[in-house]
Visitor: 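One structure, pasted below without further comment.
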Amino acid sequence: MSDQNTTKQLEFSDNTLFSQLVGPSDTNLTQLENRFGVTIAARGNQISISGSDANDISYAKNTLQYLYTQLTKGQEINPQSVEDAIRTVSSSVSLHHHDTNIPNGKISIATKRKMIFPRSANQAEFLTAMQNKDMIFGIGPAGTGKTYLAVAVGVSMLISGKIDKIILTRPAVEAGEKLGFLPGDMREKVDPYLRPLYDAMHDMLPADQVERRLTNGEIEIAPLAFMRGRTLSNAFVIPDEAQNTTLVQMKMFLTRLGNNARMVITGDLSQIDLPIGIESGLKQAAKILKNISDIAFINFDENDIVRHPVVSKIVVAYDKEAKLSDARR
């Protein structure tokens, strides 16, 4: 920390993208000024960043460079994407202590309806892992994009022909996986438990394609109990809400992995709905499989939450109360 102001200069080559970068009436620059406590001025195609804290200047500089790279990839810049960039850069520098690990905007997933970009450092790591490993665990609180990103990668691989089908599954804990008493056919019975997966799928593909692929079997959405005895090959497999699997269910499902298949297991260990006394299969798997180099574990936290900002505060408050409760025991 120094009382003397220092200044860093940035220059950007594309005037059209530069205009989008600074925003109408320099609103994006003002947002960064308020966040980092620096002064940012735009002139021509150059930006100067001034302040008394070198770290804050670097954060602002890296955020602008990150946003510019996103613009070159076709992403629009708005107040939310500026906040996402701030979080991505800040968390990345905090974790790695230097700039080289900051996501550079080159990681993206193409689906039929949109391009998907990581909105935090852990999301970028998650996407990278899904492109390089055959089994990936994404563990963390609600709203961190675990399932959404997994579905995006699955859709991208399906439409590019790298896999033949996507399999989405959840343990139907609320009904004890005994769905026969519910009215309707099998799809009507399980829809309430699998609706979040349908919602993500419809965000990636046009509705008619979702329905067609569901009908011809290229997309399969089913309760976890229906996976027993199968070998899942040439598929992208997503067991969601995996914190609600039992030990037996988790082992059963992990051993379904077949040739040319990728499995992305997602869950939140703070929201286990299993009956008291029954250990979570996800919790055990994270413990006993963590040293297998062929398996990637990505742990998300409140800094990765991309829902309403209050969601992050809710997660922190509940985590704090849980730790206090454990301390009192």
Side-chain angles (χ1 to χ4, degrees), residues 1-109 115-129 144-145 149 298-306 309 312-313 316:
M1 187 80 176
S2 170
D3 293 332
Q4 185 175 1
N5 275 13
T6 57
T7 300
K8 284 193 176 182
Q9 299 281 346
L10 292 172
E11 185 171 338
F12 300 91
S13 58
D14 190 308
N15 290 332
T16 300
L17 295 184
F18 182 81
S19 177
Q20 297 175 46
L21 178 66
V22 300
S25 302
D26 294 354
T27 52
N28 295 338
L29 302 185
T30 300
Q31 191 173 346
L32 292 176
E33 285 180 325
N34 293 337
R35 175 61 176 82
F36 294 117
V38 296
T39 299
I40 305 177
R43 189 185 186 106
N45 64 343
Q46 294 184 330
I47 289 177
S48 63
I49 310 168
S50 302
S52 59
D53 190 311
N55 288 330
D56 288 335
I57 294 173
S58 292
Y59 282 139
K61 174 183 75 72
N62 290 330
T63 303
L64 284 166
Q65 291 174 326
Y66 177 86
L67 285 168
Y68 186 80
T69 305
Q70 297 291 73
L71 285 168
T72 65
K73 298 287 289 184
Q75 186 174 13
E76 295 182 358
I77 299 299
N78 54 45
Q80 182 58 58
S81 57
V82 173
E83 284 300 318
D84 291 339
I86 290 169
R87 179 174 57 246
T88 298
V89 171
S90 298
S91 62
S92 212
V93 173
S94 175
L95 286 170
H96 304 294
H97 307 294
H98 53 79
D99 296 350
T100 56
N101 287 291
I102 295 171
N104 57 15
K106 294 182 180 178
I107 302 172
S108 61
I109 300 297
M115 290 289 292
I116 309 297
F117 296 88
R119 296 170 64 181
S120 74
N122 281 329
Q123 284 195 356
E125 189 177 355
F126 190 46
L127 285 177
T128 300
T144 51
L149 291 176
I298 310 300
N299 294 297
F300 296 87
D301 58 32
E302 65 273 7
N303 295 313
D304 301 300
I305 293 174
V306 293
S312 180
K313 296 177 182 178
V316 171

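It should be emphasised that the depicted structure is a prediction, and the values quoted were computed from it without experimental measurement.
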Visitor: Apply side-chain contact (heavy atoms from CB on, under 4.5 Å) to the pair Ile86 and Glu83, showing each step before the final yes or no.
Guide: CA-CA 5 Å; Ile86 290 169; Glu83 284 300 318; 4.0 Å; yes
Visitor: Does Ile40 form a side-chain contact (heavy atoms from CB on, under 4.5 Å) with Ile47? I'd like the steps, not just the answer.
Guide: CA-CA 7 Å; Ile40 305 177; Ile47 289 177; 3.4 Å; yes
Visitor: Does a side chain donor of either Ser120 or Asp304 reach within less than 3.5 Å of an acceptor in the other side chain?
Guide: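 Side-chain D/A pair, Ser120 to Asp304: present.
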Visitor: Given 3.5 Å as the limit, does a donor-acceptor pair link the side chain of Asn28 with the main chain of Gln20, or not?
Guide: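 Looks like yes, one N/O pair under 3.5 Å.
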Visitor: What is the minimum heavy-atom distance between Ala85 and Tyr66, and which atoms define it?
Guide: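 Closest approach of Ala85 to Tyr66, heavy atoms only: CB-CD2, 3.5 Å.
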Visitor: Just how far is it from atom CG of Asn62 to atom CD1 of Ile57, taken to the nearest 0.5 Å?
Guide: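 Reported value, rounded in 0.5 Å steps: 12.0 Å.
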Visitor: Run Leu67 and Leu71 through side-chain contact (heavy atoms from CB on, under 4.5 Å) and show every step you take.
Guide: CA-CA 6 Å; Leu67 285 168; Leu71 285 168; 5.6 Å; no
Visitor: With rounding to the nearest 0.5 Å, note down the distance linking CG in Leu64 to CZ in Phe18.
Guide: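 Reported to 0.5 Å precision, the distance equals 9.0 Å.
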Visitor: Looking at CD1 of Ile298 and CD of Gln123, how far apart are the two atoms once the value is rounded to the nearest 0.5 Å?
Guide: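 Atom-to-atom, Ile298:CD1 and Gln123:CD are 11.5 Å apart.
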Visitor: Hey, is CD on Glu11 packed in by over 12 heavy atoms from elsewhere, all under 6.0 Å?
Guide: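 Above 12, so yes.
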Visitor: Does Gln70 reach the main-chain N or O of Ile77 with its side chain, forming a donor-acceptor pair under 3.5 Å?
Guide: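 No; zero donor-acceptor contacts below 3.5 Å.
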Visitor: I want to check something: taking the side chain as every heavy atom from C-beta on, are Ser58 and Lys8 in contact at a cut-off of under 4.5 Å?
Guide: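 Heavy-atom side-chain distance check passes, below 4.5 Å.
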Visitor: Could you tell me whether a side-chain N or O of Tyr68 sits under 3.5 Å from a main-chain N or O of Asp14, the two making a donor and an acceptor?
Guide: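 Yes.
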Visitor: For Ser19 and Thr16, indicate whether the former's side chain and the latter's backbone hold a donor-acceptor pair under 3.5 Å.
Guide: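 No: the side chain of Ser19 does not pair with the backbone of Thr16.
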Visitor: With heavy-atom distances below 4.5 Å as the criterion, would you say the side chains of Ser48 and Arg43 are in contact?
Guide: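 The answer is no, as the side chains (C-beta and beyond) never meet within the 4.5 Å cut-off.
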Visitor: Answer whether the closest heavy-atom distance between the side chains of Ile305 and Glu302 falls below 4.5 Å.
Guide: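 Heavy-atom side-chain distance check passes, below 4.5 Å.
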Visitor: Going from CG on Asn45 to CG on Leu10, what distance comes out if it is rounded to the nearest 0.5 angstrom?
Guide: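 Spacing of CG (Asn45) from CG (Leu10) equals 11.0 Å.
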Visitor: Verify whether one side chain among Ser81 and Asn78 offers a donor that lies under 3.5 Å from an acceptor in the other.
Guide: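 Judged by distance alone, the side chains do pair up.
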Visitor: By the definition side-chain contact (heavy atoms from CB on, under 4.5 Å), identify the one residue from Thr7, Ile49, Leu32 that meets it with Val38.
Guide: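 Single pass found, and it is Ile49.
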Visitor: Going through the checks in order, is the side-chain contact (heavy atoms from CB on, under 4.5 Å) test met by Thr63 and Phe36?
Guide: CA-CA 10 Å; Thr63 303; Phe36 294 117; 3.8 Å; yes
Visitor: Taking Asp26 for its side chain and Leu29 for its backbone only, find out whether a donor-acceptor pair lies under 3.5 Å.
Guide: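 Checking the backbone N and O of Leu29 against the side chain of Asp26, no donor-acceptor pair under 3.5 Å is found.
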